[in-house]
Number of protein chains: 2
Amino acid sequence: MPTIYQVAERAGVSLSTVSRVLNGKASVNKVLKERVEKAVKELNYRPNSVARSLANNRTDSVGVLVPELNAPFFGDLMQAVESTLRAADKHVIISVGRNCLETEKDAVEFLISRNCDALIMHAEALPDEYLLELNQSKLPVALVNRRVEGLAEACTSLDNEKGGYLATRHLLELGHKDIAYISGPAGKSDAMLRLEGHKRALSEAGLPINPQLIFNGDYSEDDGKIGLLELMARDVPFTALVCANDWMASGAISCARDLGMSLPQDLSIVGFDDVVFAHHVFPRLTTVSNPIAEMAEMSAKYILNKVYGQANNVQLYFEPSLVVRESTVKHEG
Amino acid sequence: MPTIYQVAERAGVSLSTVSRVLNGKASVNKVLKERVEKAVKELNYRPNSVARSLANNRTDSVGVLVPELNAPFFGDLMQAVESTLRAADKHVIISVGRNCLETEKDAVEFLISRNCDALIMHAEALPDEYLLELNQSKLPVALVNRRVEGLAEACTSLDNEKGGYLATRHLLELGHKDIAYISGPAGKSDAMLRLEGHKRALSEAGLPINPQLIFNGDYSEDDGKIGLLELMARDVPFTALVCANDWMASGAISCARDLGMSLPQDLSIVGFDDVVFAHHVFPRLTTVSNPIAEMAEMSAKYILNKVYGQANNVQLYFEPSLVVRESTVKHEG
DNA sequence: AATCAATTAGAAAGCGCTTTCTTATTTTTG
DNA sequence: CAAAAATAAGAAAGCGCTTTCTAATTGATT
């Protein structure tokens, strides 16, 4: 590996000059510049990014924290972040939080120890204060799909309440009146907002909110199944079901089928997120789209602006929209 | 951020001594050692990994190349690599190849420029020679799910031929005699081997190999659909279909359903890979399991051995196994 | 033509570590 | 007990860059 010294030597200039043409910040005599460029090419010189980082205290890398690597939702997120950042020649260090406070803290520590210039996170367990502190203490933080008081400009978020509202409104418009709901975990604000939206839709339609028709799930496929069984055991009839994400919807669907129900006739089901497999399930899932890829891209652009002096437009708020497929059907009666 | 100097000063020793206790390689007087440790704690000192990398020419990071980030198969791969490497305090820099030669080369260049200590790749387009050269030139390479002549010990691979064999044998055992096959792209050896296995099963059963029953797909969901349509248009009857991966199987299933077929009665379908959504599709997919996570883990361990002096056992060859679900059924007649 | 300002190139310091080389101290040995 | 060997701490060089500081050259100004 040639160093900047060899380039300087070959070009017959000092290494300062080489550095200057490499970084293009200061003006360099045209002749010398060409000599340097020639030498660079001939030696196939590539600057050592570690040395550069040490000298200018910046690694051109941004840490990304996600709960899991093998879920389509976060796959979309990472895909968007990676391509946006890579286009700017920044690299991405990915770390996994597993939905667990300790692991998330650990992951952040890890990313910090790697001298990332910034962090882009889909943080599940870390409390707001921690994130605030992180951002103040030193390294800029962007939060995907989460709102934190005092960090507004660093947060991209979805109108989850509206999403919940859209899902239920769709069912109401199809004539359903008895609509069950499997929510996400009570600790997560998106889950709570989606549920809020559901309730608002019911209220607007003049329908009562029956707690017997609400099951508290944890966003896992299993809880879709467990939720459906539990709801049915409660013996309050319902003709439609909203699930707060697609995983639970998928679990509920396969459970319903195991129960011998025929879908969507016996039960209309709506999911949330529109993850990639939503159209693999049968009947193809009606769901609420979550523009996670765009949110992630915006988070990346925010960091590009904040840390690397770019000037992209960033959109922070996103609207969900309904994607009607085949898992919902008119209620006859 | 405190540096090693402040630690040395506070502990009243030289920075060499601090470095020595930090790295634990040379022996240090017990008293001094304790003083250093105390100072480290009090200052909450964390070594600067960039400086360390510059000094010892090693970044403790390994580059990972995958074709895409948002596919379950590669999600499993990354998950395994990340957790294995992170447990050894190495970090992972992920780069995307998009199944395209140019992009893959680019991605590798990128990872090299980031001074990775090694590369773990699921390379699709890069030719064997390129990989060999890479490995020789400087940085150790581990290949997941691919065999390269001359790089045997660096390759984990699946017995794809056997996988294809198992899929078709399963259908034969169910009494099917007319078995169609949608293969992966001709350029990929795993695709070719799976097809070989299919043919071997047919031959062993004394059945002819009818090219009219083979469609050349590209592993995409769309090609599952296109393949099925094309095969049916050829007017050679078949009662079962093997698809060389789950995506194409899923495409074929949803196409079959759109055609009004009832599954699995009208057509038994087998997939390959057992990706996470295989049980979301309906009927739940019978498929051949691909232990990609284990392969990936082994690739990571190989690198841990080769570059970081660990001594894990590594398994290089993996056997697929059949996962029978509900998309295949006995052929009556 | 002489002075001053503006450019531009080179020298050298510094980023925060590791590691070799020295030197001082302790331990071993005949 | 003196000399040789082993041990451990410090000094300093070096990893490959960026950037400040200094010096030299050129151009502008009166």
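So you know, we letter chains A, B, ... as the sequences are listed, proteins then strands, and number each from 1. Remember, predicted model here, so these are calculated numbers, not experimental data.
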Separation of [N] [atom2] from [X] [atom1] (nearest whole Å):
X	N	atom1	atom2	value
A:L43	D:dC17	CG	C1'	16 Å
B:L15	C:dT19	CG	C1'	11 Å
A:R46	D:dG16	CZ	C1'	16 Å
B:N56	D:dG16	CG	P	12 Å
A:L22	D:dG16	CG	P	15 Å
B:K25	C:dT20	NZ	C1'	14 Å
B:N57	C:dG16	CG	C1'	16 Å
A:L54	C:dG14	CG	P	14 Å

Spell out, as yes or no, whether a donor-acceptor pair under 3.5 Å connects the side chain of [X] to the backbone of [Y].
X	Y	result
A:R10	A:A39	no
B:E104	B:E124	yes
B:D273	B:V275	no
B:Q310	B:N312	no
B:S95	B:L65	no

Strictly below 4.0 Å, N to O, side chains only: are [X] and [Y] in salt-bridge contact?
X	Y	answer
B:D106	B:R98	no
B:K38	B:E42	yes
A:D60	A:K90	yes

Quiz item: Between B:S16 and B:A51, which has a closest nucleotide on DNA chain C that is more 5'?
Solution: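 On the 5' side of the pair lies B:A51.
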Exercise. Please figure out whether B:R20 or B:P47 has its closest DNA chain C nucleotide nearer the 5' end.
Key: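 Per heavy-atom nearest nucleotide, the more 5' residue is B:P47.
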Quiz item: B:T3 near the nucleic acid: base, sugar-phosphate alone, or nothing, with a heavy-atom cut-off under 4.0 Å?
Solution: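 Result for B:T3 = sugar-phosphate.
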Quiz item: Within the structure shown, what part of the strands sits under 4.0 Å from A:V50 by heavy-atom distance: base, sugar-phosphate, or nothing?
Solution: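 Touches nothing.
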Taking OP1 and OP2 of [N], is either one under 4.0 Å from a side-chain nitrogen or oxygen of [X]?
X	N	result
A:N23	D:dT18	yes
A:S14	C:dA9	no
B:N48	C:dC15	no
A:Y5	C:dA11	no

Exercise. Please determine, for the side chain of B:R52, which listed nucleotide (D:dG16, C:dC17, D:dT18) has the closest atom?
Key: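 Ranking D:dG16, C:dC17, D:dT18 by closest atom to the B:R52 side chain puts C:dC17 first.
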Quiz item: Which residue lies toward the 5' end of DNA chain D, A:V18 or B:A55, if each is placed at its nearest nucleotide?
Solution: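 Looking at the nearest nucleotide for each, B:A55 comes out on the 5' side.
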Practice problem: Please work out which residues in residues 26-34 of chain B have a non-hydrogen atom less than 4.0 Å from an atom of DNA chain C and list them by number. | Solution: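 Output list: empty, so none.
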Self-check item: Base D:dA8 to side chain B:T17, donor-acceptor N/O within 3.5 Å cut-off
Solution: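 No, no donor-acceptor pair under 3.5 Å.
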